[in-house]
Amino acid sequence: MRPILLQGHERSLTQIKYGDLLFSTAKDHVVCAWYSANGERLGTYNGHQGALWTVDVDPTTTLLATGAADNTIKLWEVRTGRCLKTWDFPTAVKRVEFSEDATLLLGVTEMRMGHLGTVVVFPINVDVDAEQADEPLFTITFRESKATVAAWSYLNKFIITGHEDGTVSQYDGKTGELIQDIQAHEPDMQITDIQMAPDRTYFITASKDKTAKLIETNTLRILKTYQTDTPLNSAAITAKKDFIILGGGQEARDVTTTIARQGKFEARFFHKIFEDEIGRVRGHFGPLNTVACHPQGTGYASGGEDGYVRVHHFDKPYFDFKYEVEKMAKA
Amino acid sequence: MAPHSNYDEEEDIDFSDLREQYEVRLDEGLDTFVVVDGCPKVPEDSKAKLVKFLCKKLSDAGKVKPEGVFMPLNEETGQTEGYAFVEYETPEQALAACKKLSGLPLDKKHTIYINKLTDIEHFGREGKVKEEYVEPAYEPFVEQEHLRSWLEDPSARDQMIMFRGDSVGVFWNKKKDTPEQIVDRVHWTESFVQWSPLGTYLTSIHAQGVQLWGGASWKRIRRFAHPFVNLVDYSPNENYLVTWSNKPITIPDVLPPNFPLTADEDGKNFIIWDIKTGKVIRSFASIEAPEAADKGRKKISWPSFKWSSDDKYVARVVPGQAVQVYQTPEMTLLGKKSIKIDGVVDFEWQPAIPVSGKGKPQTEQLFAYWTPEIGNQTARAGLMSVPSKEIVRTRNLVNVSDCKLHWQNEGKYLCVKVDRHTKTKKSNYTSLEFFRVTEKNIPVEIVELKQVVVNFSWEPKGDRFVFITVDEAVAGAAVAPKTNVHFYAPEKTKSGIPGEWMCTKTVEKKNSNAIYWAPKGRFAVIATVHSQQSFELEFWDFDFEGEKQKQEKAPANKDLACNLMLMATAEHYGVTDVEWDPTGRYVATSASFWKHQMENGYHLYDFKGQLLREEHIERFNQFLWRPRPPTMLTKEDLKTIRKNLREYSRQFDEEDEFEESFKNKEVVEARKRLLDEWRAWRERCERELERDRKEAGWTPPVAVEGGEETVVEEIVEEVIEEKEEEIQ
């Protein structure tokens, strides 16, 4: 599994979306689009004035949404790089996500300068030439602990939010009302990532408490726990194979004081069902900020604090690998 | 109910406890008075003389004025009553007088007894002390747990402690598998844990003192109150315990109930305890080294009190002057005085009393000591026999900068590592002086080296040794100088007495700095610990059962009792500690959080150097094998076992295999269950999703099967060669 190294960013990566095309955002104000097959850069989306925190693309690869530290969410046409819409906010935007039918877009805004953290939900018209709404459908405001990440459930039933204090909450996807919350991770350990399974019936959370958890969307029941020895920044669920991929590493601010070996800058593969660690992939020389899986399960990509994206296409042995029990069950 | 009616109820409240607490103590101010009993009875005219005499005697504890002494006269006889009331300036002085001066003989007939006036008031009243002696009730006998129950493990596994984070756990060693936890307690100790030398007790250290734990249920066996204790040491047979604190003990004036320390321990740093009774047997103050006082932080050489191998004697050195040898259990100086040895720096007991051929019980035992050059006298290493205090052997040494005494663990040999300097004091070198203690007249053999030896280690139960020398440091070089590891063995002789020691191998240009012999000898691990760059572990076999290895260093015609072979090398990043298990089957190496914060955890190797298990544990502090007491088997039993070793090993292999297959089966079962659960959940989930989607009337855009599998073709042009040609 020889990775393709994408060297287009000058600063640390913040989020990547991986499919046939790969979209990456970094703190250097530019969104990059790449051919994931060979790592050739397709183009960039210029316009943001601050560090980019987040990116998402709709299922038909028509629209691209980005959120940045310049307090805006921008909507782009993927094909041309044209900026379709800019929404302004009082604080930075940490996460954006399209719903599975691409009719809704959520954005998570920071708590800063007296403003509370919120989740805003906009209606989206998938037509590139259509006018987009100026005002959100509704806003969820967090009085206690701010949300750091959020995601849509299937059929837009719920919005799942992960918080700074380690809780996971479930909000009604139509009204924004709180339905329930659980202390999924250690108290006061930030949840750093939420990624939905392909059919959005369950999701994975990554936390600074060094664990990742698999949680059922409807009930918020914790299905699985994956224990590691390093703070985690990102977690992804692979399609096709029952694996999950975790990325993390020592806090960026502590990195200079230690050697690379100590930093644990590896992507870790766990078996989704058995919670066993299967393997690690080295390569980055800074903590992994984001990992993403190909929707067809053919590969994964990771973006690091070191400014590089590494795209990996899985080899045959990866697909052949099976536990004895799995083989028996198939037969 | 009317509000004011509450007042009546309050009348009934019992205030006695508060009253007691805040009651004005009427006898306050009488604390400076003491009562002196046992004075001679004198007529009135000699009273002044006696008072003066008494004042002189009593002023040892504090100032006493003749006006402060009241000596009542008996009107009838015209003589003094034989007691006196004496006032000191402060209550502390009065207390000191009671402690120090009570029982002081005035002359042959008279001995004075001093008590505090308040005590006399308190105890002297009628009924305060019962007239009749009441025998204390005997506590019923309670069956105690067997303290050595861990030795009964059917598969003879070893136990170990792992101290990580705040919790201390005791585990069974399960080789490759996760250690089986026996007990795990959070905050079991406040600083570190320690096993007793035979593994009976687990020692935990607290600000209040030391606690001993053991038995199958890991309950507390003993506690030894020594405030702010820093270090503990056991006698070799677990009869006595030495505790040390850098802060001298202060005894409060009012002793809390069950306080085990008495005024005798005031100002002391060391306490020697009897483990079986839990009582103090003697306490000592630290010996202040005169030059160390101004250096600020003092270094203590531990253990300060060294035990003879049979627990019979305990001794410490008074630097430069003498060795104090105490006899147990009375804890009196041997022969009532310390053994004067001018200039003595250090001493070391013979670790075992070698069995003499005649089968006569040996009563004498040895300790080795050394003295540096003083004036005209050369430095000297010597052996002294105890209790006769006879010097059995000395050896004069010149140009000595330091000495270290290394006994072979059976007490057969003593190696004195002499660090020397050349006459100009520009360079250093080491010579090793070997005393063959069990041979007649104790012959001495010398190995002279050109380098400085940093580490030396005898083979336990053997007569071979390994040492490490260090190359001369290059001035200003950033890297530490390289080290060389030397392996020595005695020449084979016909008589059976080991012949001259010779080098069998030298490994040069290493970083190794530590030697760890297997507890039963033969195998040794040479390691690099506490290093930033190198983390090497080398596993050596001294009796390799195979082709005879070449003896690189020894002359070809000499045959050494050794066949040295490097079995394996390993690396453990950040290793700080290496420990063999007490049976010599496994080696545990650990990276302790106390030393650095990188990849703390432990590795487990077998004696051949094969890695069995590695675990990274956050804030891993200590890994300690539980020691085992010496075997109870006779020599004949051991011989039979050795003969049938093959048979046993077959049995053990079978057991291992059985366990392995059993365990595998368990894991497979568990996985199967997990998988089934997951599949069932997924099925339910998918059904629900299908239903919900139907209700919502939305289906995800179905990916066209096969259409997704696009093949990306990439045409790569490569310029193989470029040539420029001129065209006419």
Side-chain angles (χ1 to χ4, degrees), chain A residues 19-20 35-40 58-60 99-103 153-157 173 197-202 210 214 216-219 221 223-224 228-230 242 250 254 257-259 261-264 271-276 294-296 298 313 322-330, chain B residues 532-533 535 571 573-574 591 596-601 615-620 664-665 667-703 705-716:
Chain A
D20 291 342
Y35 287 114
S36 60
N38 59 4
E40 192 185 329
D58 85 318
T60 55
S99 63
E100 65 180 338
D101 56 359
T103 57
S153 82
Y154 64 92
L155 297 173
N156 315 338
K157 269 167 93 171
D199 66 359
R200 296 184 184 245
T201 53
Y202 60 99
K210 309 185 180 179
L214 209 63
E216 191 176 359
T217 309
N218 278 342
T219 59
R221 183 167 64 98
L223 301 168
K224 304 280 172 192
T228 69
D229 56 356
T230 184
D242 282 325
Q250 197 180 32
D254 301 331
T257 60
T258 50
I259 34 181
R261 181 194 163 92
Q262 174 59 18
K264 303 172 174 135
H271 197 279
K272 186 165 74 184
I273 301 167
F274 305 138
E275 304 178 353
D276 288 340
H294 194 283
Q296 258 79 50
T298 56
H313 295 279
K322 270 202 180 87
Y323 273 75
E324 280 302 313
V325 259
E326 290 179 293
K327 281 182 198 161
M328 284 189 319
K330 275 268 146 60
Chain B
Q532 300 282 326
Q533 286 91 29
F535 319 100
E571 203 169 79
Y573 178 77
H596 61 73
Q597 280 79 52
M598 291 176 296
E599 285 193 25
N600 302 124
E615 210 175 344
H616 292 294
I617 299 175
E618 298 263 313
R619 294 170 60 212
F620 189 85
N664 275 347
K665 219 168 139 193
V667 169
V668 166
E669 289 287 313
R671 282 202 181 129
K672 199 162 181 288
R673 213 183 52 240
L674 282 174
L675 192 65
D676 288 346
E677 273 171 25
W678 176 265
R679 294 240 160 104
W681 177 74
R682 280 307 302 160
E683 234 169 71
R684 209 183 66 230
C685 232
E686 270 158 22
R687 264 204 317 275
E688 273 173 35
L689 180 69
E690 197 63 31
R691 199 193 61 216
D692 283 355
R693 273 181 182 166
K694 231 175 226 164
E695 270 175 33
W698 183 84
T699 40
V702 182
E705 210 43 57
E708 289 286 316
E709 298 273 324
T710 48
V711 176
V712 181
E713 256 183 62
E714 198 179 352
I715 299 161
V716 181

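Numbered from 1 within each chain, the chains take letters A, B, ... in sequence-line order. On a predicted model such as this, the values are computed, not experimentally measured, just so you know.
- Within a 6.0 Å sphere centred on NZ of B:Lys672, heavy atoms belonging to other residues, nucleotides or ligands number 12 at most.
- Residue B:Glu686 comes nearest to A:Asp199 through the heavy atom pair CG-OD2, 4.5 Å, listed as atom of the first residue, atom of the second, then distance.
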Review point. Under the side-chain contact (heavy atoms from CB on, under 4.5 Å) criterion, do A:Thr201 and B:Glu688 qualify, and how do the steps go?
Key: CA-CA 10 Å; A:Thr201 53; B:Glu688 273 173 35; over 6 Å; no

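- Both the backbone and the side chain of A:Phe274 come within less than 4.5 Å of a heavy atom in chain B.
- Atom CD of B:Gln532 has 12 or fewer neighbouring heavy atoms from other residues, nucleotides or ligands inside a 6.0 Å radius.
- Using a 4.5 Å heavy-atom cutoff, the side chains of B:Arg671 and A:His271 are not in contact.
- Taking CG from B:Leu689 and CG from A:Asn218, the interatomic distance works out to 9.0 Å, rounded to the nearest 0.5 Å.
- In this structure, chain B has a heavy atom under 4.5 Å from the side chain of A:Tyr323, while its backbone stays farther away.
- The residues B:Arg682 and A:Asp242 are annotated as not salt-bridged, no charged nitrogen and carboxylate oxygen being separated by less than 4.0 angstrom.
- Closest of all the heavy-atom pairs between B:Leu674 and A:Ile273 is O-CG2, 3.8 Å.
- In this structure A:Tyr202 satisfies the ring pair (Phe, Tyr, Trp, His ring centres under 6.0 Å) test together with B:Trp678, B:Trp681, sequence neighbours excluded.
- Heavy-atom pairs under 4.5 Å with chain B were tallied for A:Asp276, A:Asp229, A:Leu223; the largest tally goes to A:Leu223.
- Chain B forms the most heavy-atom pairs under 4.5 Å with one residue out of A:Lys157, A:Glu216, A:Lys272, and that residue is A:Glu216.
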